[in-house]
Visitor: 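Okay, handing you the structure first.
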2 protein chains.
Amino acid sequence: MAADGTALPAKGRSRIQERNRTRILDAALDVFSAHGFRGATLDQIAERAGMSKPNILYYFDGKEAIHVALLGALMETWIAPLRALGQTAEPKAALMDYIHAKLEMSRTMPRESRLFANEILQGAPRMGPHLESELKPLFDEKCALIRGWVSTRRIAPIDAEHFLMTIWAVTQHYADFEAQIDTLVPRDAHWARARRHVDAVFAPMLEPGAD
Amino acid sequence: MAADGTALPAKGRSRIQERNRTRILDAALDVFSAHGFRGATLDQIAERAGMSKPNILYYFDGKEAIHVALLGALMETWIAPLRALGQTAEPKAALMDYIHAKLEMSRTMPRESRLFANEILQGAPRMGPHLESELKPLFDEKCALIRGWVSTRRIAPIDAEHFLMTIWAVTQHYADFEAQIDTLVPRDAHWARARRHVDAVFAPMLEPGAD
DNA sequence: TCTGTTTTTTACCATTTGGTCAAGGCACGA
DNA sequence: TCGTGCCTTGACCAAATGGTAAAAAACAGA
């Protein structure tokens with residue numbers, strides 16, 4: 001067995017293997033994000049993927065392997081905006097770009113957001129290593145970057161760590177708590193309002209005036 | 001069977017009944033908040049409560065009834081701060097008090113926060129009615145209150161609905177994503193930092209200067 | 001077409017889990 | 001002391017669920 005959660009050797013995957021693995025992972029994203037790990041069943045995933053359960057177990061070593069593979073595959077996508085933070089624009093614009101990118105991800109990738117939210121909520125039992133090895137260094141690096149901007153007075157004095165977490169909280173909330181939002185606020189122009197709102201929240205925070 | 005999720009008549013509960021129901025609900029809060037509804041088992045709840053599984057089913061009609069009873073019992077506690085919003089202080093102080101109360105709840109009641117987060121994340125299958133009948137009217141009322149403050153220039157112009165949701169997002173994030181926070185930021189003085197941070201985030205937003 | 005390999009399915013299995021039942025304690029008033 | 005009614009439990013059950021085995025089917029190369 002290979003190390004990436006597949007029952008097949010990773011080398012030289014055929015067209016059909018690639019296609020079926022993708023279909024399984026997409027179906028699994030549907031089911032895991034909607035019901036959490038324990039709440040999801042292989043039968044649900046199989047049905048969503050249009051395959052039989054044993055066939056799914058032909059491509060993956062088991063339920064847990066699918067979940068781990070999914071988290072691993074999506075981790076990079078998920079943290080890509082943070083990785084890009086500060087690569088191009090000047091500080092204030094860079095942070096606003098990051099915030100917009102995160103909000104856009106909540107809009108276009110709510111399943112991914114909920115997948116990670118479920119995992120973290122329940123203590124990150126299968127993602128602890130990923131967090132430690134991939135997110136932590138990146139997080140520390142960007143916090144240092146932000147602290148640099150603060151110390152050179154390019155942005156207002158903010159707590160870098162908590163500021164980043166606040167960005168996550170606000171933007172991901174739109175995906176993770178969608179069920180609640182749907183019952184509380186009207187759907188029309190929802191995302192345009194959200195966008196204006198986060199601008200109104202974060203942009204003034206960054207102005208180096210109230211130092 | 002009674003309507004509140006108990007297998008016993010609600011009238012005239014004995015001392016021991018009250019005590020055991022409380023013990024069961026507390027154990028259930030532990031387990032449901034940590035694993036979600038599907039992830040929790042009656043055996044886990046029974047062990048945590050120090051009772052046998054059939055005994056638990058003597059007090060409640062089933063797993064789902066426990067969950068519903070729990071949500072119902074905690075709903076009022078959970079929305080109490082919102083209910084109190086604007087009852088005493090002037091607008092800006094009232095909102096800051098609310099924010100502080102919510103942050104304090106994340107610190108002292110993380111289990112409750114995660115219980116609700118789990119439920120909402122998975123589409124609020126068992127809480128839809130509660131949301132609609134209890135939270136929605138209160139939410140609308142407080143939004144109107146905030147809009148009034150905005151229109152009379154007592155606070156800065158903000159989107160009332162999204163502002164409240166942002167408060168929830170930021171404060172509850174500290175409880176719901178604790179596992180992630182623990183791996184990313186140092187634990188010492190954590191809550192003091194969080195408190196200073198939310199002050200720095202929200203207080204400037206309310207100053208009616210940038211109109 | 002023949003042959004070996006990959007893919008898919010049918011039939012099954014073992015465990016977990018929500019829930020039931022009938023019998024056994026246990027407190028308390030008569 | 002004896003019932004009587006509330007409380008508790010051991011034994012059990014049926015369904016759901018993760019997973020397996022082996023054979024059938026599809027496919028690729030010669």
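In the text below, chain A, chain B and the rest are named by the order of the sequence lines, each starting its count at 1. Side chains are part of it too, since the values below use all heavy atoms of this structure and drop only hydrogens, waters and symmetry mates. It should be emphasised that the depicted structure is a prediction, and the values quoted were computed from it without experimental measurement.
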Visitor: Under 4.0 Å, heavy atoms only, any strand: does Ala46(A) hit a base, just the sugar-phosphate, or nothing?
Guide: nothing
Visitor: To the nearest angstrom, how far is Tyr59(A) atom OH from dG19(D) atom C1'?
Guide: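 In whole Å, dG19(D) C1' lies 18 Å from Tyr59(A) OH.
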Visitor: Taking the side chain of Pro54(A) as its heavy atoms from C-beta onward, which of dT9(D), dT8(C), dA21(D) lies nearest to it?
Guide: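 Shortest atom-to-atom distance from the side chain points to dA21(D).
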Visitor: Within less than 4.0 Å of OP1 or OP2 of dC7(D), is there a side-chain N or O belonging to Gln17(B)?
Guide: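 Indeed, a polar side-chain atom of Gln17(B) lies that close.
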Visitor: Take atom CG of Leu42(B) and atom P of dC13(D), then tell me their distance rounded to the nearest Å.
Guide: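 Checked: the CG to P distance equals 20 Å.
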Visitor: Between dT17(D) atom P and His67(A) atom NE2, what is the distance in whole Å?
Guide: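 His67(A) atom NE2 is separated from dT17(D) atom P by 17 Å.
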Visitor: What's the CD1-C1' distance between Ile45(A) and dT17(D), to the nearest Å?
Guide: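 From Ile45(A) CD1 to dT17(D) C1': 12 Å.
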Visitor: Is the shortest side-chain N to carboxylate O distance from Arg196(B) to Asp159(A) below 4.0 Å?
Guide: no
Visitor: Rounding to a whole Å, what distance do you find between Tyr58(A):OH and dA21(D):P?
Guide: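 Result: 16 Å.
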Visitor: NA contact type, Thr41(B), heavy-atom cut-off 4.0 Å: base, sugar-phosphate, or nothing?
Guide: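 If one applies the 4.0 Å heavy-atom cut-off, Thr41(B) turns out to touch the sugar-phosphate alone, with no base involved.
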Visitor: Rounded to the nearest angstrom, tell me the gap between atom CG in Asn20(B) and atom C1' in dT9(D).
Guide: 14 Å
Visitor: What's the closest nucleotide to the Asn55(B) side chain, out of dT9(D), dG19(D), dG18(C)?
Guide: dT9(D)
Visitor: Output the rounded distance in Å from CZ (Phe60(B)) to C1' (dT20(C)).
Guide: 19 Å
Visitor: Before you tell me yes or no, could you show the steps for His173(B) and His162(A) under ring pair (Phe, Tyr, Trp, His ring centres under 6.0 Å), namely the whole-Å CA-CA distance, both residues' side-chain angles and the distance that decides it to 0.1 Å?
Guide: CA-CA 11 Å; His173(B) 184 88; His162(A) 287 245; 9.9 Å; no
Visitor: So which nucleotide from dT20(C), dG19(D), dT7(C) ends up closest to the side chain of Leu57(A)?
Guide: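 Ranking dT20(C), dG19(D), dT7(C) by closest atom to the Leu57(A) side chain puts dG19(D) first.
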Visitor: Should Arg15(B) and Glu18(B) count as an ion pair when the cut-off is N to O under 4.0 Å?
Guide: no
Visitor: If you check the Lys63(A) side chain, which of dT17(D), dG19(D), dC21(C) turns out closest?
Guide: dG19(D)
Visitor: Spell out yes or no: do the side chain of Lys53(B) and the base of dG18(C) have one donor N/O and one acceptor N/O closer than 3.5 Å?
Guide: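 Looking at the base of dG18(C), it does pair with a donor or acceptor on the side chain of Lys53(B) (distance under 3.5 Å).
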Visitor: For dT17(D) and Arg38(B) - does any side-chain N or O of the residue sit under 4.0 Å from the phosphate oxygens OP1/OP2?
Guide: yes
Visitor: I'd like to know if Glu141(B) pairs up with Arg83(B) as an ion pair, taking the criterion as any Lys NZ or Arg NE/NH1/NH2 lying under 4.0 Å from an Asp or Glu carboxylate oxygen.
Guide: no
Visitor: Taking CG from Asp43(A) and C1' from dG18(D), how many angstroms apart are they, rounded to a whole number?
Guide: 9 Å
Visitor: Decide, yes or no, whether a salt bridge links Arg187(B) with Glu178(B) under the criterion of side-chain N to carboxylate O below 4.0 Å.
Guide: no
